2 protein chains.
Amino acid sequence: MSRPTIADIARRAGVSKGAVSFALNGRPGVSEDTRARILAVAEEMNWRPHSVARALGGARADSVGLVIARPARTLGVEPFFAKLLSGLQAGLSAHSITLQLMIVEDVQEEIRVYRRWASEQRVDGLILVDLRTRDPRIDVVDELLLPAVVVGGPGRHGNLCSVWADDREAMTSIVEYLAALGHKRIAHVAGTPEFRHTQRRTRALRDAANRLGLAGVESLHTDFSDTEGAATTRNLLSRRERPSAIVYDSDLMAVAGLGVAMEMGVSVPGEVSIASFDDSVLTELTHPAITALSRDTYAFGERAALALLDLLADPNAPRDVKTETPRLTVRESTAPWLER
Amino acid sequence: MSRPTIADIARRAGVSKGAVSFALNGRPGVSEDTRARILAVAEEMNWRPHSVARALGGARADSVGLVIARPARTLGVEPFFAKLLSGLQAGLSAHSITLQLMIVEDVQEEIRVYRRWASEQRVDGLILVDLRTRDPRIDVVDELLLPAVVVGGPGRHGNLCSVWADDREAMTSIVEYLAALGHKRIAHVAGTPEFRHTQRRTRALRDAANRLGLAGVESLHTDFSDTEGAATTRNLLSRRERPSAIVYDSDLMAVAGLGVAMEMGVSVPGEVSIASFDDSVLTELTHPAITALSRDTYAFGERAALALLDLLADPNAPRDVKTETPRLTVRESTAPWLER
DNA sequence: GTCCGGAACTATACCGGTTTATCTCCGGTT
DNA sequence: AACCGGAGATAAACCGGTATAGTTCCGGAC
């Protein structure tokens, strides 16, 4: 026999299908004796629930979805996503929940995927990343009644739950550190301006600069790629009035920027200090190693998974989870600035 | 109404459920007029197939599975996997097939996941990575009758299909290049010995060395981590008789090795040449940039996805797909060796 | 005029579970 | 003795599709 069904078990145990269902799901309706007998038979026949059949009755799909709307080719080089993914996975697989992963080109397609998943009841919930200003996904997910966790970025997003770290405080800690070293002209090589996290960091930088009385502070936008990170750095270092320190929004761009500095013969940290907003093995492996804000992205992913599981179990679960603020790991790429 | 079913459409169009099913699936059994009318009604009611219900009838799950058995924490730093994943995704999502991703600790757990997925009919097929010697997964997957594609590694694996690149030829091309530059003592910082690809590369190195008459050639095993890559390099460079060239099995280890050389004051490529078996943005960003075997891992993943789709469509599809052999991209980390 | 065959549909079983209405005991009350 | 309530179990409906066995109807051949 290929695969035993509850009907097979029922026949063998001499009871009805319904009784088997009750017994296997630990619900009342059968005596303890019968329950034990049924469980024994199920065990003996090596029965496994057929999740598809179960789901048809309106039950859980035991699966959550993650759609990433970035060009697939560039994703491979983002350590952040890989780590986040690993963490999410770890959090989910502990509960035997699988992750449906989909990579698409843009937000519109992402929304189409959500609609399809919802209509096919393929997923119980969603993880949303890369929140934008006036993000159209919020309303759609609300409308589809899918429990969802927004990764990164505090605040109310419709009816969604968010898991985030304090970008603002993190940026402030970098600026304060650089200011303490004597830096006054700080450049910020940022990501795409429509992303919320980019905005928060840019604003935090400006506010800290104002408070500390730093005049020559500016943020420059890029698409997060190493290419644009390098180009922007080349630009900055070619100016007559060079910045004395550069803060990069991602480790990939920081490494690319460091490469440009070396190629141009600008010594790091002698002539320019470099810091990264994101940490990974990349920043440790370069020479000089790059000062960076480190956080445990893996644990962050795990936390997001747990938040979603909570939300699935109880729709009234806490809607706002703040995780540890990234802490500055000082390495060799930053040094005191001595005005000449 | 929450979600229209074919029964709703049938009622509205004044036909039976069966007719609707025929019409929506483009099968004979209804006239063109009726088909058009039914399709119009379905469109108007914004009907979507309920994949779960469909799957219950024994149909496809429209989903394939990938289980990676490596410590989740280390995965985040492997550009190879991220790129492979992106490529797979792209190949699959073009056909609206989703990828079920699971990260587990070891092969035994991986096998348990396969059994569960098979028994629950959650996936139509599998992608297998990291093939080992006498891999226990082969028999299990065969037994479960799950169509599967093995990524990397030629040869017959039970009834499975394999998608691979010629590691042997690739390694030969590195060795020949280094030999042509005058290198005689070549060290190979390899991965885990139980992986098939590690074995193939090690053997190819030995064979090429024999053929070219290079005496001081050796392979050293690691766990693929940057830590062990660095430690092994430190070891090699501390010897009295240093190798003149080091070949690393992964880009991550190559970058770590380069870091060690710089830290020890060993100039690259002046005193030691460095080459990597795997390419990614990492090797391009270092200074000096690292000579590496490049291949399009994204396209490789895409190819694997297509092979699996072929296999699903036709169980007699070709069982062995060879992809382009990685080609050597010469950068700054390799130079002629002048015997002193 | 009858019979046959195929096209166009309908009715219904089925997939493997969950859920609900129902049915049967059996002991305890009044 | 008649009635009630609840535990323990069963039969049947249901979820949303697919597959298959029938049923009509119609035109063409004998």
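Bear in mind the structure is a predicted one, so any value in this text is a computation, not a measurement. Chain naming here is simple, since letters A, B, ... match the order of the sequence lines and numbering starts at 1 in each.
In this structure, A/Arg35 is not positioned above the aromatic face of A/Phe22 in the sense of NZ or CZ being under 6.0 Å from the six-membered ring centre and within 45° of the axis.
Contacts of residues 14-27 of chain A with DNA chain C (heavy atom under 4.0 Å): A/Lys17, A/Gly18, A/Ser21, A/Phe22, A/Asn25, A/Arg27.
Atom CD1 of A/Ile9 and atom P of C/dT18 are 11 Å apart (whole Å). Rounded to an integer number of Å, the gap from CZ of A/Arg35 to P of D/dT10 is 14 Å. Atom-to-atom, NE2 of B/His50 to P of D/dC14 comes out at 18 Å; the value is rounded to the nearest Å. Protein atom CD1 of B/Ile38 is 13 Å distant from nucleotide atom P of D/dT18, rounded to whole Å.
In this model, the phosphate group of D/dG16 is not approached by any side-chain N or O of B/Trp47 to a distance below 4.0 Å at OP1 or OP2. Between A/Thr5 and C/dC15 there is no side-chain polar atom (N or O) within less than 4.0 angstrom of OP1 or OP2. Taking side-chain N and O atoms only, A/Ser31 has a distance below 4.0 Å to OP1 or OP2 of D/dA9.
Defined by atom type and a distance below 3.5 Å, a donor-acceptor pair is missing between the side-chain atoms of A/Glu194 and A/Thr133. Between the side chains of B/Glu110 and B/Tyr114, at least one donor-acceptor pair of N or O atoms lies under 3.5 Å. Using a 3.5 Å distance cut-off with no hydrogens or angles, the side chains of B/Asp8 and B/Trp47 do not pair a donor with an acceptor.
With sequence neighbours left out, the side chain to side chain donor-acceptor pair (under 3.5 Å) criterion links A/Ser93 to no other residue.
In terms of heavy atoms, B/Val123 sits closest to B/Leu146 at O-CD2, 4.0 Å.
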